[in-house]
Amino acid sequence: MSSLPVKAPDKANIRFNEFNLPVSTEFDDIYFNNEDGLAESRYVFLQHNDLPERWQTHSYSVFRIAESGFGTGLNFLASWALFAEHAPSTMRLHFVSFEKYPLAPADMARALQHFPELAAYAKVLINALPSPHAGCHRLQFDDGRVTLDLWYGDIHDQLPQWLPHATNTIDAWFLDGFAPDKNPQMWQPELYNAMAQSCREHGSFATFTAAGAVRRGLQEAGFAVAKVKGFGRKRDMLRGVVTTAQTQPAPHVHGTNGSATVPITIIGGGIAAACLAWSLCRRGFRVELLTTGLANGASGNAQGAVYPLLHAELSPLSEFFLGAFDHARQFYQQHSSFWHETGVVQLAFNATRQQRHDKIIASGIYHESLVRELDSAATQALWNALPAQPALLYPRAGWVPPEKLVQQLFAACGNELRVTTCAPITAMKLEREGWQLSAADGSHYHAHTVIVAAGAGSNALLAPWQLNFQNVRGQVTQVQATDVSSSCNLVVCYKGYFTPPTNGLHCVGATYAREHAGIEFDAQQQQPTNNADRTENLATLQDNLQQPWTAQLTAVSDRAALRHTTRDHLPACGWLTDNLGVLGGLGSRGFTSAPLCAEILVGQWLHEPLPLGASLLARLAPQRLQDVAT
């Protein structure tokens with residue numbers, strides 16, 4: 001299976017007509033009806049997919065809608081508003097939409113201002129919009145009750161990446177987009193076949209068009225199609241139900257309507273475990289956490305930066321972080337009071353780094369809302385104590401306080417989460433009725449389904465599966481803020497990093513030393529700090545920035561921990577067996593990657609449409625790290 005195309009999705013070229021409504025100049029077609037676009041959306045898509053009546057009798061805890069053509073987001077907003085008003089409180093909405101030409105946020109806001117009853121929803125959506133890069137961007141609203149997967153790029157490129165993990169999952173299709181005679185490239189048999197394949201039993205569709213080719217294509221794909229009265233002056237439209245869908249086998253859960261009676265056990269206590277617990281609890285599952293302590297490993301530093309990892313070519317690593325960063329940013333924005341969107345600047349402190357930055361910008365892959373290049377003067381305009389060096393700026397990036405954030409996510413799980421503090425789990429054995437988990441102090445625990453998210457402690461647990469991880473020791477130094485440094489207003493990256501002050505302290509980090517063979521890491525007893533590492537952190541800051549104030553900083557404390565890494569720097573995210581999941585190898589960017597990885601792992605277990613393309617998902621599989629005897 002080929003990976004997603006490197007080319008970024010095309011920008012929507014629009015004009016606003018005499019009614020101040022958007023018109024596509026590419027297709028010479030309107031985005032919605034000039035008279036009442038919201039009424040049209042409600043009539044065509046909501047009413048003729050029998051919403052909200054179906055929500056009252058739905059057999060599942062989640063209702064899924066897929067759409068061709070996100071456009072202004074009007075159909076999604078109308079669905080969200082109706083769902084909030086009429087759906088059972090225990091039901092979730094999962095909306096999947098494909099868009100080849102993403103609108104600029106300002107154009108979307110202008111288009112949606114005509115619908116004041118949706119203003120509150122529109123404001124939240126526009127604030128959450130991701131950078132327009134090809135692939136899936138998962139957004140979550142209403143405390144996780146509403147999920148939006150935005151797939152940017154040509155729908156015919158995206159469907160093969162989406163469909164392998166979306167078969168028999170969709171309840172209703174909104175077949176939208178510009179008219180078939182204006183946009184024939186979209187209205188093709190491949191789309192209709194994918195629609196039918198994605199539908200689960202009783203899956204429906206509705207579309208504004210009544211074109212004969214569309215009707216015949218849908219029928220050939222496996223839909224029973226009916227022609228009904230169109231909206232307003234339009235004579236006809238089409239609606240129908242799938243006739244070929246098979247009942248999806250139940251996922252590996254217990255109970256009915258998606259609610260488990262047996263808890264899922266997570267081993268770990270850092271950001272990976274917290275995001276997993278949150279994702280599971282929001283879906284109605286009970287979670288048992290076995291941990292030596294919350295955020296006492298690599299997730300326990302005082303401050304952690306959240307920004308993407310980009311290459312001059314769209315490598316699998318960069319492609320993953322495009323989706324992971326946008327999801328993390330919006331996830332923390334929605335679910336945490338600890339998100340600080342200060343921006344992150346990467347200094348070109350030497351010729352090699354400058355060349356790397358130039359190549360990233362010259363590639364044309366990345367939208368300026370994600371990253372842009374600064375000259376020396378623009379860098380100093382960010383903060384006048386920065387050196388006069390060119391730089392890359394990630395304007396929507398920022399930082400979080402890891403320990404507080406992790407604790408808040410666990411607390412948000414409420415009564416669905418039970419935390420058991422225990423000695424490190426050191427061994428796992430599969431028995432007839434589940435997993436026998438053994439702790440270092442001789443204690444034993446039983447679990448039916450286990451997810452290992454224990455960071456550096458995962459190595460021993462997963463040894464029987466011969467997964468090859470590396471543990472890398474890192475030490476962070478905290479320094480007292482000075483009159484100059486206290487005005488630092490963003491995260492500064494060079495060969496290390498320097499954070500804005502919190503409680504009068506900055507973090508300076510971090511060293512990178514591969515763990516020596518034979519050294520065991522005990523999460524309850526942090527590795528001792530090292531004076532040489534403190535010296536290295538301060539010396540790197542002074543050398544890379546060449547600013548007098550850096551030599552005036554006084555170190556007050558240090559913290560060392562082990563990062564859990566993989567040889568290709570991609571996370572290990574997937575299932576080794578039906579009831580053994582792995583989320584590890586997050587390295588130094590766990591707070592950027594963990595929220596998306598948790599959604600992937602939980603989605604795999606529940607057979608949900610996933611927020612990443614199939615070819616890239618295959619690269620995250622933990623089996624790739626297995627040592628194979630030669």
Side-chain angles (χ1 to χ4, degrees), residues 252-255 259-300 335 402-465 520-526 561-562 564 575-584 586 590 594-595 597-598 601-602 605:
H252 308 295
V253 299
H254 303 270
S259 179
T261 58
V262 177
I264 299 91
T265 299
I266 299 173
I267 302 174
I271 186 60
C275 290
L276 283 165
W278 190 93
S279 290
L280 285 163
C281 290
R282 282 301 178 273
R283 287 164 171 81
F285 293 94
R286 292 194 295 121
V287 174
E288 179 173 22
L289 186 76
L290 298 179
T291 181
T292 59
L294 302 185
N296 64 352
S299 294
H335 307 307
E403 184 176 8
K404 293 179 180 178
L405 174 59
V406 167
Q407 291 172 343
Q408 185 183 63
L409 288 174
F410 281 128
C413 295
N415 294 330
E416 300 299 321
L417 173 67
R418 184 178 72 179
V419 178
T420 299
T421 303
C422 61
I425 304 297
T426 56
M428 303 168 54
K429 182 180 180 182
L430 184 60
E431 299 180 341
R432 171 178 285 186
E433 297 186 3
W435 293 99
Q436 176 87 0
L437 309 177
S438 301
D441 63 357
S443 301
H444 297 282
Y445 303 89
H446 181 77
H448 181 273
T449 299
V450 174
I451 303 176
V452 177
S458 300
N459 291 13
L461 284 173
L462 298 172
W465 288 269
E520 294 184 359
F521 179 71
D522 184 343
Q524 291 180 314
Q525 182 66 45
Q526 294 294 328
L562 293 182
H564 197 229
W575 292 83
L576 291 172
T577 70
D578 286 349
N579 61 356
L580 176 59
V582 175
L583 178 48
L586 303 186
C597 285
L601 197 68
V602 173
W605 190 54

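Owing to the predicted nature of the structure, the values given are computational and were not obtained by experimental measurement.
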Close side-chain approach of [X] and [Y], heavy atoms under 4.5 Å:
X    : Y    : value
R418 : P263 : no
I264 : V602 : no
L583 : I266 : no
W465 : V582 : no
L294 : L289 : yes
L280 : W605 : yes
T265 : W435 : no

Looking at [X] and [Y], what are the two nearest heavy atoms and their distance?
X    : Y    : result
E433 : H446 : O-NE2, 3.0 Å
A423 : A439 : O-CB, 3.8 Å
L461 : A427 : CD2-N, 3.6 Å
G300 : E403 : O-OE1, 4.4 Å
T421 : T292 : CG2-O, 4.1 Å
G269 : T291 : CA-OG1, 3.5 Å

To the nearest 0.5 Å, what is the distance between [atom1] on [X] and [atom2] on [Y]?
X    : Y    : atom1 : atom2 : value
C597 : L276 : SG    : CG    : 9.0 Å
L417 : L409 : CG    : CG    : 11.0 Å
F410 : C281 : CZ    : SG    : 9.5 Å
Q436 : M428 : CD    : CE    : 11.0 Å
E288 : H448 : CD    : NE2   : 14.0 Å
C413 : R282 : SG    : CZ    : 6.5 Å

Taking [X] for the side chain and [Y] for the main chain, is one N or O donor matched with an acceptor at less than 3.5 Å?
X    : Y    : result
S299 : I271 : yes
W278 : P595 : no
W575 : L601 : yes

Is the number of heavy atoms from other residues, nucleotides or ligands under 6.0 Å of E431 CD greater than 12?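 Above 12, so yes.
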For N415, does the CG atom sit with more than 12 other heavy atoms under 6.0 Å from it, leaving out its own atoms?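 Atom CG in N415 is not packed in, count stays at 12 or less.
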Chi angles and distances behind the side chain to side chain contact (heavy atoms under 4.5 Å, CB included) call for T577, L430: CA-CA 11 Å; T577 70; L430 184 60; 5.8 Å; no
